[in-house]
Number of protein chains: 2
Amino acid sequence: MRAAYATRPREQVSAVLRREKRYLSAAEIHAILRKSRANVSLSTVYRTLDLLAGKGEASARVDERGEATFVVCDQSHHHHAVCNTCGKVEDVSCEAIESVANALRSHHGFKLADHEMEFFGTCGACR
Amino acid sequence: MRAAYATRPREQVSAVLRREKRYLSAAEIHAILRKSRANVSLSTVYRTLDLLAGKGEASARVDERGEATFVVCDQSHHHHAVCNTCGKVEDVSCEAIESVANALRSHHGFKLADHEMEFFGTCGACR
DNA sequence: ATGATTTTGCAAACCATTCGCAAATTAGGG
DNA sequence: CCCTAATTTGCGAATGGTTTGCAAAATCAT
């Protein structure tokens with residue numbers, strides 16, 4: 001059966017994501033770890049991110065420059081509100097989707113199965 | 001001032017997108033063009049896609065494998081309903097966003113500035 | 001502790017995308 | 001039309017984020 005070793009490098013990568021709460025690329029995480037003298041290889045950062053994303057503990061996003069970035073998040077279905085100022089990401093539930101599903105079916109004959117949403121704006125702390 | 005030449009290669013790339021109406025990568029477009037004996041270089045396909053995306057005539061999306069894909073679409077603000085069966089993409093307006101904006105502000109203290117949504121399901125033709 | 005199994009690190013391999021540059025194409029005025 | 005200036009194309013080479021192979025190191029169960 002598959003892996004599951006609780007290793008130091010993995011915990012360190014995970015800790016950075018939990019502390020920062022914003023979208024970070026593998027390279028950024030690697031740089032942050034180096035500063036705190038935690039020498040985790042870039043490969044391990046990538047592998048750990050894939051692992052977390054696979055378990056649903058982190059979600060991925062491709063930024064404007066084409067780099068993959070990750071945040072820790074709920075495992076249940078939800079969406080993200082990203083602050084344009086500080087970058088912090090908050091989990092948001094989606095109640096309003098019902099009305100959208102109805103509109104899609106009646107106006108487009110489209111049967112909704114899944115959806116993705118992302119919000120951008122200013123968080124409470126930055127206002 | 002900037003470019004604007006109406007060239008054959010650009011028209012051919014654009015025509016493929018208008019005909020297919022689904023997310024296509026540069027490589028896929030290049031392959032389709034080769035089959036119809038239209039020899040447009042891969043570089044030109046990439047450059048034309050950037051151009052169309054810049055003008056808002058096409059919108060980009062990164063697929064599961066990490067490749068950039070494009071569709072032609074309205075220039076006004078809207079969202080996409082992607083059919084899981086045939087891949088066709090329909091433009092969808094968003095009326096329901098008002099209630100979401102209100103919920104974000106009252107529950108999270110978050111001031112919504114922009115948003116992205118994408119829908120997946122089964123289109124009318126495939127049902 | 002001990003051995004089986006999983007991870008890590010490093011460097012090399014990948015591969016989609018970008019770039020440099022000379023040749024080809026386009027737009028427009030004369 | 002014809003010519004020139006400006007833009008675009010194609011090619012191959014360079015880029016750069018991400019993946020991979022493999023031997024050494026770490027982890028877990030016994």
Side-chain angles (χ1 to χ4, degrees), chain A residues 1-18 20 22-55 57-72 87, chain B residues 1-18 20 22-55 57-72 87:
Chain A
M1 37 210 95
R2 266 295 298 295
Y5 286 15
T7 67
R8 193 130 186 290
R10 282 180 185 170
E11 172 50 34
Q12 292 173 312
V13 170
S14 183
V16 170
L17 284 176
R18 284 195 305 271
E20 300 284 338
R22 58 193 174 93
Y23 280 104
L24 293 172
S25 69
E28 287 174 319
I29 295 171
H30 186 240
I32 290 174
L33 287 174
R34 293 203 114 214
K35 267 188 205 142
S36 56
R37 297 199 228 357
N39 288 318
V40 178
S41 75
L42 185 55
S43 302
T44 295
V45 174
Y46 273 110
R47 285 186 283 230
T48 302
L49 289 173
D50 284 349
L51 211 61
L52 292 174
K55 289 199 292 182
E57 291 179 19
S59 96
R61 178 182 153 65
V62 178
D63 70 14
E64 320 73 54
R65 296 203 300 286
E67 286 185 71
T69 57
F70 298 78
V71 253
V72 284
Chain B
M1 42 210 89
R2 267 294 300 295
Y5 286 16
T7 67
R8 194 131 186 289
R10 283 180 183 170
E11 171 52 32
Q12 291 173 312
V13 169
S14 182
V16 169
L17 284 175
R18 285 196 305 272
E20 300 284 338
R22 58 194 174 91
Y23 279 104
L24 293 172
S25 69
E28 287 173 318
I29 294 171
H30 186 240
I32 290 174
L33 287 173
R34 294 203 112 215
K35 267 190 203 140
S36 55
R37 297 199 227 359
N39 289 319
V40 178
S41 76
L42 186 53
S43 301
T44 295
V45 174
Y46 273 109
R47 287 186 282 229
T48 302
L49 290 174
D50 284 350
L51 211 62
L52 292 174
K55 289 199 291 181
E57 290 179 20
S59 98
R61 178 183 154 65
V62 178
D63 70 14
E64 319 73 54
R65 296 202 301 287
E67 285 184 72
T69 58
F70 298 78
V71 252
V72 283

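Sequence lines set the chain letters: A, B, ... in the order given, protein chains first and strands last, and positions in each chain run from 1.
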Counting only side-chain N and O atoms of Thr44(B), is one of them less than 4.0 Å from OP1 or OP2 of dG10(D)?
yes
dG9(C) P sits how many Å from Arg10(A) CZ, rounded?
11 Å
Looking at every heavy atom in both Arg22(A) and Gly87(A), which two are closest together, and how far apart are they?
CB-O, 3.1 Å
Test your reading of the model: is there a side-chain donor-acceptor pair from His30(B) to the backbone of Ser41(B), 3.5 Å cut-off?
no
Distance, rounded to the nearest Å, where Leu49(A) contributes CG and dT8(C) contributes C1':
15 Å
In whole angstrom, what separates Arg65(A)'s CZ from dT18(D)'s P?
11 Å
Considering only nitrogen or oxygen atoms on both sides, find all protein atoms under 3.5 Å from nucleotides 27-30 of chain D and state each distance.
from	atom 1	to	atom 2	distance (Å)
dT27(D)	O2	Tyr5(A)	OH	3.4
dC28(D)	OP1	Ala6(A)	N	3.3

What is the distance, rounded to the nearest whole Å, between atom CZ of Arg47(A) and atom P of dG17(D)?
18 Å
Rounding to a whole Å, what distance do you find between Asp63(B):CG and dT18(D):P?
15 Å
Trace of the side chain to side chain contact (heavy atoms under 4.5 Å, CB included) decision for Val16(A) with Leu33(A)
CA-CA 8 Å; Val16(A) 170; Leu33(A) 287 174; 3.6 Å; yes
Spacing of Glu67(A) atom CD and Glu28(A) atom CD [to the nearest 0.5 Å]
7.0 Å
Please evaluate residues Leu17(A) and Glu57(A) with respect to the criterion side chain to side chain contact (heavy atoms under 4.5 Å, CB included), reporting the C-alpha separation (whole Å), side-chain torsions for both, the decisive distance (0.1 Å), and the verdict.
CA-CA 10 Å; Leu17(A) 284 176; Glu57(A) 291 179 19; over 6 Å; no
Please report, rounded to the nearest Å, how far the C1' atom of dG17(D) is from the NE2 atom of His30(A).
14 Å
Angle between the end axes of the helix from dA1(C)-dT30(D) to dG30(C)-dC1(D), five pairs per end, to the nearest 10 degrees?
40°
Test salt bridge (Lys or Arg N to Asp or Glu O under 4.0 Å) applied to Arg18(A) and Glu11(A), step by step
CA-CA 10 Å; Arg18(A) 284 195 305 271; Glu11(A) 172 50 34; 2.8 Å; yes
Nearest heavy-atom approach of Pro9(A) to Thr44(A) is CB-CG2, 3.9 Å
Atom pair CD (Gln12(A)) and OG1 (Thr7(A)), whose distance is rounded to the nearest 0.5 Å
8.5 Å
Let me know the distance between CG of Leu33(B) and P of dG10(D), rounded to the nearest Å.
10 Å
From CA spacing to verdict: side chain to side chain donor-acceptor pair (under 3.5 Å), Arg10(A), Ser14(A):
CA-CA 6 Å; Arg10(A) 282 180 185 170; Ser14(A) 183; over 6 Å; no
Assess whether side chain to side chain contact (heavy atoms under 4.5 Å, CB included) is satisfied between Ile29(A) and Thr48(A), documenting all intermediate values.
CA-CA 11 Å; Ile29(A) 295 171; Thr48(A) 302; over 6 Å; no
Closest heavy-atom pair and its distance - Tyr23(B), Arg61(B):
CE2-CB, 3.3 Å
Review item, nucleotides 11-18 of chain C N/O atoms under 3.5 Å of protein N/O:
from	atom 1	to	atom 2	distance (Å)
dA11(C)	N6	Ser43(A)	OG	3.3
dT17(C)	OP1	Ala68(B)	N	2.9
dT17(C)	OP2	Tyr46(B)	OH	2.4
dT17(C)	O5'	Tyr46(B)	OH	3.2

